[in-house]
Amino acid sequence: MAKIDDIDKKILAFLHEDAFLSNKEMALRLGMSATPIHERIKRMEKDGVITGYRAMINPAKLGKTLTVFCDISLKEHAAEYLNQFEKDVMNLKEVAECYCVSGHSDFLLKIVVTDMDEYRDFILHKLASIKNIGNAPSHFVMNEIENEHFIPWTSNSLTN
């Protein structure tokens, strides 16, 4: 595990809130110069703490108004079947996220589509073509409360 101190946490919180925030602005807020901020960011990138920078996209603005969580239970659980499922599901453009989980199912998929017709097509023609799926109950999102990669200490780090 990477060694992260309070200043690193504040830098991560700033970047989490606004990845375009300049080193100079972060340095000003932290009472430091820009060079150590830059060095810390580069170290955290090298250590894999910061894995990339992405734009947050609102799927509804692109016509993708239906979000579905689908619990996938496999019939067989040998490593080859698990690996094949992971490989196959990563080729489905509707799958926004995929998690291997414990509990009643083996995987949890987050699927983003235009509407119920597109979801039906996805289930019948794409998901159903993947071998070894035993059960796939769906949960339809009625209201999105929070959708952000959340690091518990980020919100407090900006004020502490």
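In what follows, every heavy atom counts, from backbone to side chain, and hydrogens, waters and symmetry copies are set aside.
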Are any non-hydrogen side-chain atoms of [X] and [Y] less than 4.5 angstrom apart?
{"X": "M44", "Y": "I4", "result": "yes"}
{"X": "D106", "Y": "V101", "result": "no"}
{"X": "V68", "Y": "V141", "result": "no"}
{"X": "F14", "Y": "L30", "result": "yes"}
{"X": "L15", "Y": "I41", "result": "yes"}

Distance-only polar pair, side chains of [X] and [Y], donor-acceptor under 3.5 Å:
{"X": "H104", "Y": "D71", "answer": "no"}
{"X": "Y81", "Y": "E86", "answer": "no"}
{"X": "T114", "Y": "Y119", "answer": "no"}

Thinking salt bridges, do [X] and [Y] make one under a 4.0 Å N-O criterion?
{"X": "K42", "Y": "E45", "result": "yes"}
{"X": "E118", "Y": "K64", "result": "yes"}
{"X": "K3", "Y": "D47", "result": "no"}
{"X": "E25", "Y": "R29", "result": "yes"}

Practice item. Give a yes or no on this: more than 12 heavy atoms of other residues, nucleotides or ligands lie within 6.0 Å of atom CZ of F20. Key: no
Give a yes or no on whether the backbone of [Y] and the side-chain of [X] come within a donor-acceptor separation of less than 3.5 Å.
{"X": "D121", "Y": "D117", "value": "no"}
{"X": "D88", "Y": "I130", "value": "no"}
{"X": "S129", "Y": "K126", "value": "yes"}

Review point. What distance separates L12 CG from M26 CE, expressed to the nearest 0.5 Å?
Key: 9.5 Å
Practice item. Take K110 and V95, measure what side-chain contact (heavy atoms from CB on, under 4.5 Å) needs, and give me the verdict at the end. Key: CA-CA 6 Å; K110 179 181 179 183; V95 176; over 6 Å; no
Please report the shortest heavy-atom distance between [X] and [Y], naming the atom on each side.
{"X": "V89", "Y": "C98", "result": "CG1-SG, 3.8 Å"}
{"X": "C70", "Y": "L127", "result": "SG-CD2, 4.2 Å"}
{"X": "I72", "Y": "L74", "result": "CG2-CD2, 3.9 Å"}
{"X": "M116", "Y": "L66", "result": "N-CD2, 3.7 Å"}
{"X": "G134", "Y": "K75", "result": "CA-CG, 3.7 Å"}
{"X": "T51", "Y": "G48", "result": "CG2-O, 3.4 Å"}

With a 4.5 Å cut-off on side-chain heavy-atom distances among I, L, V, M, F, W and Y, is there a chain of contacts connecting [X] to [Y]?
{"X": "F69", "Y": "Y99", "answer": "yes"}
{"X": "I50", "Y": "I11", "answer": "yes"}
{"X": "L109", "Y": "I123", "answer": "yes"}
{"X": "Y53", "Y": "V49", "answer": "yes"}

Check your understanding: Are F85 and I133 close enough, and set up right, to give a side-chain contact (heavy atoms from CB on, under 4.5 Å), and what steps lead you there?
Key -> CA-CA 8 Å; F85 174 82; I133 294 178; 3.9 Å; yes
Point to revise | Full working for side-chain contact (heavy atoms from CB on, under 4.5 Å) between R40 and R43 | key: CA-CA 5 Å; R40 285 170 176 267; R43 176 183 44 81; 3.9 Å; yes
Point to revise | S138 vs I111, side-chain contact (heavy atoms from CB on, under 4.5 Å): CA-CA, chis, key distance, verdict | key: CA-CA 10 Å; S138 301; I111 301 157; over 6 Å; no
